[in-house]
Amino acid sequence: MSKAGRLVVLVSGSGTNLQALLDASTDPSYGARVVAVGADREGIEGLARATKAQIPTFVEKLRDYGTRAEWDAAIAARIAAYEPDLVVSAGFMKILGAPTLDAFPVLNTHPALLPSFPGAHGVRDALAHGVKVTGCTVMLADSGVDTGPIIAQEAVPVLPDDDEAVLHERIKTVERRLLVDIVGRMVREGWTVTGRIVHLGTGPIVRTGNQSGGEST
Ligand code: GRF
């Protein structure tokens, strides 16, 4: 197998999606390994998981910078230092700016079936709307709020007695599996993006400055 794809994972909370990636990458045939974990806040379980796994971490807090543009540049530089093949925003509660998005392919995961219920409260909003099926979405990040090209989705039922926490946990069980599957496929098989359509399996990953990990189309 060729060299494992390098992942930088960004977190803001409990980091169970990060943990799923860490667990998957213990198998060399997975084809990817987490080389660093970044966060926008300190003292979170996601950073503790990285430290436990002996993965380097970094924290860039927005409030430490005078402008959003300065923070955008700072976090891009921290990510770039680890030369990632893929950046995974796994429960990272910030929109990344052009310095990161233009330099690396960035994957994002969301606990709803986009384009329904984007934003920070996707589970709450779906529940309040009364949907009977929701789910999770793995997508390429762009400069919008959960607007990037969709890579994969899976449905999850909403049950009559669900509250936000119960439903989110049911979604996250599916989300972790889907994220691990898609990250592995992307690094092993490459991808192309044509308009909003993402095709997996178009050749081994190569480092590019755009969102394509295989041939450009
Ligand atoms: C996930 O459901 C993610 O989609 C959402 O926040 C949750 C993060 O969970 N944005 P964890 O930190 O990976 O446990």
Side-chain angles (χ1 to χ4, degrees), residues 7-26 30 32-34 36-53 55 57-62 75 86-96 100-101 106-129 131 133-159 162-184 186 198:
L7 309 177
V8 169
V9 182
L10 303 177
V11 295
S12 297
S14 63
T16 63
N17 281 283
L18 163 67
Q19 189 67 54
L21 290 167
L22 290 169
D23 293 347
S25 60
T26 60
Y30 183 60
R33 67 193 175 96
V34 180
V37 173
D40 62 340
R41 61 199 75 186
E42 276 155 5
I44 55 173
E45 180 65 16
L47 289 171
R49 291 176 190 275
T51 302
K52 192 170 174 208
I55 307 289
T57 63
F58 58 88
V59 176
E60 291 295 345
K61 290 180 269 184
L62 189 52
I75 196 152
L86 194 59
V87 176
V88 184
S89 174
F92 186 61
M93 301 304 285
K94 294 272 184 307
I95 303 294
L96 291 160
T100 298
L101 295 175
V106 180
L107 208 63
N108 194 8
T109 175
H110 182 69
L113 291 175
L114 295 171
S116 292
F117 313 117
H121 304 294
V123 179
R124 188 186 309 172
D125 294 345
L127 206 49
H129 198 85
V131 298
V133 176
T134 184
C136 53
T137 302
V138 175
M139 78 214 101
L140 289 168
D142 65 10
S143 59
V145 178
D146 299 324
T147 51
I150 290 168
I151 304 169
Q153 295 184 298
E154 230 175 280
V156 173
V158 180
L159 301 182
D162 279 351
D163 61 19
E164 184 180 357
V166 167
L167 178 57
H168 200 172
E169 277 312 311
R170 188 179 309 117
I171 293 169
K172 282 174 71 171
T173 303
V174 176
E175 185 181 20
R176 288 189 284 266
R177 175 173 46 69
L178 190 66
L179 181 68
V180 164
D181 178 46
I182 294 301
V183 167
M186 288 176 79
V198 181

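Read the numbers this way: they start at 1 and go in the same order the structure lists the ligands and their atoms.
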> Can you list the atoms of ligand 1 that are under 4.0 Å from a heavy atom of K172?
Replying inline: 2 (O), 9 (O), 11 (P), 14 (O)
> Which protein heavy atom lies closest to atom 12 (O) of ligand 1, and at what distance to 0.1 Å?
Replying inline: G15 N, 2.7 Å
> Looking only at heavy atoms, what is the nearest atom pair of I95 and D142, with distance?
Replying inline: CG2-O, 4.5 Å
> For atom 7 (C) of ligand 1, which protein heavy atom lies nearest, and how many Å away is it?
Replying inline: H168 NE2, 3.8 Å
> Quick one: which ligand 1 atoms are inside 4.0 Å of a heavy atom on G91?
Replying inline: 6 (O), 8 (C), 10 (N)
> Any idea which atoms of ligand 1 are less than 4.0 Å away from a heavy-atom of H110?
Replying inline: 4 (O)
> Do you know the tightest heavy-atom contact between R49 and S14?
Replying inline: NE-O, 2.6 Å
> Taking all non-hydrogen atoms of both residues, which atom of P118 and which atom of V145 are closest, and how far apart?
Replying inline: CB-O, 3.8 Å
>> With heavy-atom distances below 4.0 Å as the criterion, list the atoms of ligand 1 near T16.
In response: 11 (P), 12 (O), 13 (O), 14 (O)
> Which heavy atom of the protein is the closest neighbour of atom 5 (C) of ligand 1, given with residue, atom name and distance?
Replying inline: P111 CD, 3.9 Å
> Is the closest heavy-atom distance from T109 to ligand 1 below 4.0 Å?
Replying inline: yes
> Can you name the nearest heavy-atom pair linking V34 to I55, along with the distance?
Replying inline: O-CD1, 3.3 Å
>> Given 3.5 Å as the limit, does a donor-acceptor pair link the side chain of T100 with the main chain of L96, or not?
In response: no
> Looking at V180, T109, T16, which hits side chain to side chain contact (heavy atoms under 4.5 Å, CB included) with E175?
Replying inline: T109
> Considering only protein heavy atoms, which is closest to atom 3 (C) of ligand 1, and at what distance to one decimal place?
Replying inline: E175 OE2, 3.3 Å
>> Heavy-atom pairs closer than 4.0 Å: do any link ligand 1 to the side chain of R176, the backbone, both, or neither?
In response: neither
> Between L127 and D163, which heavy-atom pair has the shortest distance, and what is it?
Replying inline: CD2-C, 3.5 Å
